[in-house]
Each structure stands twice: as structure tokens, then as C-alpha cells.
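Here is the structure we will look at, set down as C-alpha cells.
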Amino acid sequence: MSDAPPVTSDFYDLEALLPDDERALLHRVRAFMDTQVEPVINEYWTRGEFPHELVPGLAELGIAGNPYSGYGCPGRSSLFDGMVAMELSRGDASISTFMGVHGGLAMGSIYLCGSEEQKERWLPAMARMELIGAFGLTEPEAGSDIARGAQTTARREGDTWILNGEKKWIGNASFADLVIIWAKDEDSDQVLGFVVEKGTPGFSAVDLKDKIALRVVQNALITLKDVRVPEANRLQEARSFRDTAKVLKMTRAGVAWSSVGCSRGAYEHALRYATEREQFGQPIAEFQLVQDLLVRMLGNITASAAMCARLSQLQDADAMTDEQASLAKAFCTMRMRETVGYARELMGGNGILLKNHVGRFAADAEAIYSYEGTREVNTLIVGRAVTGSSAIV
């Protein structure tokens with residue numbers, strides 16, 4: 001309908017919290033997703049392939065490593081970084097995940113745990129996206145219990161470390177230039193971080209097939225067989241899993257934002273559909289039950305986005321706690337799962353057709369719901385904070 005109101009999911013105008021320059025760049029990100037990604041992403045999702053030709057355009061936006069200062073990084077606010085994750089995910093959750101792995105987990109590991117020399121060596125090229133990063137923590141038999149269950153080992157021989165083990169679900173790993181590998185030191189029993197460069201002998205990464213979610217992201221099973229890494233590639237400020245957890249705490253907020261974006265994408269497509277689809281001689285947007293679904297979705301999105309905005313403000317003030325990040329990740333992903341379901345419901349049978357996009361968001365939501373800490377684990381982190389008692393076995 002020509003007189004339909006503009007589609008927007010920022011109902012409380014949270015964008016207004018950003019300064020003009022960041023807001024303008026956020027609009028560029030949105031335009032890139034609308035004009036470059038949306039027209040092609042369903043085809044890649046169907047094939048389970050990654051659109052490498054889009055990487056130069058992402059690089060031109062200058063958003064890799066947004067919140068890091070120096071070393072060629074943008075040095076922008078966590079609030080802006082979160083809203084960028086939301087905009088990327090609004091277009092496609094796989095692209096948001098790709099950037100989250102590269103700019104969040106991989107660059108964040110080097111930024112938080114690397115020496116000055118290591119930051120200068122790798123971060124500028126990663127910020128320009130000339131080098132792509134990956135983050136190897138999860139293992140085939142260790143996910144939520146990785147802190148104590150890691151089986152990948154590191155053994156030192158002079159100025160060289162020898163890594164052995166497997167990592168699973170590692171995004172970007174099959175084509176990344178740098179892969180952060182977290183392994184347990186055989187001598188100290190502490191988890192240490194290593195930067196494994198592309199082409200290192202003994203390192204192999206095979207993409208996992210037949211995923212039903214985030215099909216565009218290439219998740220790999222990594223095998224490390226006597227991989228020799230120089231001491232110069234050991235992250236010098238990573239001395240235990242506590243340092244690994246610093247990276248996860250920082251990026252968990254980004255996953256919460258990404259879940260809001262996934263919800264927004266599904267909602268906006270459903271809203272457009274409701275204004276165009278006619279049944280019983282009128283647009284279904286005029287039906288009470290359809291408006292009820294739209295308002296439920298918008299309420300979920302607005303509550304989640306407001307929570308994330310406050311979380312990012314705390315992050316910018318260096319006051320964000322583990323439990324605050326965990327509450328946002330758990331809550332926002334639950335509301336996302338509900339919201340994409342409502343969007344699919346609104347479309348009826350047409351909601352499962354990929355051309356209408358909502359089916360892609362509904363499927364991708366299942367992965368966002370689980371990675372970067374399951375709902376159960378994040379719930380127990382918050383539960384420990386509010387009760388003073390740990391229920392984690």
C-alpha cells in the first residue's frame with residue numbers, strides 16, 4: 001500500500017543516543033546490508049557458502065574492531081559497536097557472526113591478551129580486513145565446560161610450542177589467516193592463547209556440513225597435529241582461562257545485540273508482508289490478531305534493545321559485569337526466538353519460503369540462542385550473582 005507507514009523497529013529512537021557521525025555510519029551499514037547483502041544472501045544460505053566477494057565492501061565500512069583504540073582500530077563506543085552488530089544481523093545473522101568472530105573474538109583476543117608488539121603486528125591489518133581472524137575455543141567434547149574440560153594441549157620445547165587436539169564449531173577457520181587457539185599448558189595446566197597462522201604444518205580445518213542455522217557462516221572442525229607455534233605467537237598476557245573469559249564477556253554483549261537484529265529483521269519483513277498481503281478483501285495488517293502479533297514482536301525488540309543499550313553504556317564506562325552481560329544474552333535470545341516465531345506465524349505457510357526471508361531468520365535464531373554461552377549457563381551465572389550461591393556443577 002502506498003500510504004503504509006515507513007517500516008521501523010527502533011520504536012524508542014535509541015539511535016538518537018549516538019553522535020551524528022556514528023549515526024551516519026550506522027546508516028551506511030544498514031544501506032550496505034539492504035543493497036549488497038539482502039539481494040544475494042538467500043542463494044548463499046541455500047548453498048551453505050560464504051560470499052567472499054562482500055568482504056571488500058565490509059572492509060570499506062571501517063567497522064572491524066570498532067571499540068578498540070589504537071593499532072589502526074576505529075576506537076568507537078561499545079554502544080555504536082553493538083548497534084552495528086544489530087544492523088548487520090538485521091540484514092543477515094551470518095554476516096553479523098562472521099564480523100563478530102573476526103572483529104570481536106579474534107581481534108579482541110589480541111587486543112586484550114596480546115603484547116604491544118603483537119597488537120602492532122596483527123591488529124592494523126585485521127582492522128583493514130586484509131587478515132581475517134578466527135577463534136578456536138570449543139572442542140568436540142567440551143563446550144559449556146571448556147574452562148575445565150579443554151583437551152587441546154600445548155607443550156613447550158625451547159622457543160616453540162607444540163599444539164595437539166581438536167576444536168569444533170570454529171567460524172571462519174577454513175579460510176582465516178589467523179586462528180586464535182586456546183590450549184592447556186601441559187606443565188602449568190593453565191589455558192593459554194596462541195595465534196596460528198595460515199599454512200602452518202599440522203593444522204587442518206574442515207567445514208561442517210548440513211547445518212540448519214547460520215548456513216552462510218563456515219564453521220570448521222580443526223585438527224591440530226604437532227602444530228609448531230613460536231613463542232612470539234603466544235598471547236603474552238593470556239595466563240589462564242580468566243583471560244579467555246575477558247574476551248567472552250566483551251563479545252557476549254555483541255551477541256545480545258545481534259539477537260535483537262535478528263528479531264528486527266524478521267519483524268520488518270513480517271510488517272511489510274502484512275501491509276501487502278490481502279485476505280478476505282483487505283490487507284491482513286488491518287486484522288486485530290495480526291496487529292497483536294506485530295505489537296508482541298515490537299515489544300520484545302524494544303525491551304531487548306533498551307537492555308542492550310544500557311549494557312553498552314556500562315561497558316563504555318568499564319562497569320559491565322559478567323552477570324550483566326549474561327542476563328542480556330540469555331534474555332534477548334529468548335525474546336528473539338519468540339519474535340521470529342511470531343513473524344513466521346504471521347506469514348502462515350508463506351513464512352517457510354526462503355524468498356520471504358523470515359524462514360532464514362527463524363532458522364538462524366537457533367544458533368544465536370546457543371552460542372557464546374547457552375541460556376542455561378548464562379542463567380546460572382546470573383543466578384550465582386543474585387543468590388550468592390553457585391549452582392554450576
Side chains of [X] and [Y], heavy atoms from C-beta outward: is any pair under 4.5 Å?
| X | Y | value |
| --- | --- | --- |
| F287 | L346 | no |
| N66 | P74 | yes |
| M107 | H102 | yes |

Side-chain donor or acceptor of [X] paired with backbone N/O of [Y] under 3.5 Å:
| X | Y | answer |
| --- | --- | --- |
| D364 | L214 | yes |
| Y68 | G103 | yes |
| R337 | T333 | no |

Inter-residue atom distance [X].[atom1] - [Y].[atom2], 0.5 Å rounding:
| X | Y | atom1 | atom2 | result |
| --- | --- | --- | --- | --- |
| E231 | F194 | CD | CZ | 8.0 Å |
| L105 | T244 | CG | OG1 | 11.0 Å |
| Q324 | R252 | CD | CZ | 13.0 Å |
| L163 | R234 | CG | CZ | 12.0 Å |
| S259 | K329 | OG | NZ | 8.0 Å |
| T321 | L311 | OG1 | CG | 8.5 Å |

Please indicate whether [X] has more than 12 foreign heavy atoms, meaning atoms of other residues, nucleotides or ligands, lying under 6.0 Å from its [atom1].
| X | atom1 | answer |
| --- | --- | --- |
| D318 | CG | no |
| R23 | CZ | yes |
| E376 | CD | yes |
| D159 | CG | no |
| I352 | CD1 | no |

Under 4.5 Å side-chain linkage, directly or through intermediates, the cluster mates of L208: W169, L221
Side-chain heavy atoms under 4.5 angstrom apart, residues restricted to Ile, Leu, Val, Met, Phe, Trp, Tyr: same cluster for [X] and [Y]?
| X | Y | value |
| --- | --- | --- |
| I368 | M307 | no |
| Y371 | V377 | no |
| L123 | V101 | yes |
| L14 | M320 | no |
| F32 | F80 | yes |

Could you tell me whether the side chains of [X] and [Y] share a donor-acceptor contact shorter than 3.5 Å?
| X | Y | value |
| --- | --- | --- |
| S94 | Y44 | no |
| Y71 | E116 | yes |
| T153 | N164 | no |
| N350 | Y273 | yes |
| S89 | S258 | yes |

Pairwise side chain to side chain donor-acceptor pair (under 3.5 Å) hits with a residue in residues 200-209, at least two apart: S174-D207
Carboxylate-amine/guanidinium contact [X] [Y], below 4.0 Å:
| X | Y | result |
| --- | --- | --- |
| E117 | R121 | yes |
| E139 | K167 | yes |
| E186 | R156 | no |
| E237 | R239 | yes |
| E157 | R155 | yes |

Aromatic plane relationship, F98 with F175 - under 30° parallel, 30 to 60° tilted, over 60° perpendicular: tilted
Parallel, tilted or perpendicular: rings of H269 and F361 (30°, 60°): tilted
Shortest non-hydrogen contact from G136 toward V179: N-CG1, 4.5 Å
Closest contact, heavy atoms only, S69 versus G75: OG-CA, 3.8 Å
Contact list for residues 72-101, test salt bridge (Lys or Arg N to Asp or Glu O under 4.0 Å), sequence neighbours left out: R30-E87, D34-R90, E87-R90, E87-R264, R90-E268, D92-R360
